[in-house]
Amino acid sequence: MTDEPASRMIDDLLDDIYHGQERISQAEIQRRAVAAELPADLLTRISALPQGEYAMDEVADLLGGSAV
């Protein structure tokens with residue numbers, strides 16, 4: 001079952017950081033999540049992503065967002 005509030009926070013973060021960008025690094029996603037003051041459980045999930053660059057749909061799949 002999807003955690004609706006967490007999914008919404010992930011979607012909002014990804015919509016913001018991927019605006020005009022195709023791929024973003026894990027480190028940049030993590031920096032932006034910290035700056036957005038996301039809850040600790042979401043920051044932990046983002047920190048667990050392997051280093052590299054991700055398209056929005058890839059990150060959404062890994063973190064549980066919808067990437068709509």
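Contact of the Y18 side chain with the I29 side chain is registered, since non-hydrogen atoms from C-beta on lie closer than 4.5 Å. Considering only heavy atoms from C-beta on, I24 stays 4.5 Å or farther from M56 through its side chain. A heavy-atom distance below 4.5 Å is not found between the side chains of I46 and V34.
Remark: Q51 pairs with Q26 by the side chain to side chain donor-acceptor pair (under 3.5 Å) rule, at least two apart or across chains. For E53, there are no salt bridge (charged side-chain N to carboxylate O under 4.0 Å, His left out) partners at least two apart in sequence or on another chain. Residues satisfying the salt bridge (charged side-chain N to carboxylate O under 4.0 Å, His left out) test with R32, not counting sequence neighbours, are D16, E28. Residues meeting the side chain to side chain donor-acceptor pair (under 3.5 Å) test with S47, sequence neighbours left out: Q30.
Rounding to the nearest 0.5 angstrom, the gap separating the CE atom in M9 from the CG atom in L13 is 11.0 Å. Here CD of E37 is found 10.0 Å from CG of L43. Values are rounded to the nearest 0.5 Å.
A pairwise comparison of heavy atoms in V59 and Y54 identifies CG2-CB, 3.0 Å as the closest pair. For G64 against S7, the heavy-atom pair with the smallest separation is O-OG, 3.5 Å.
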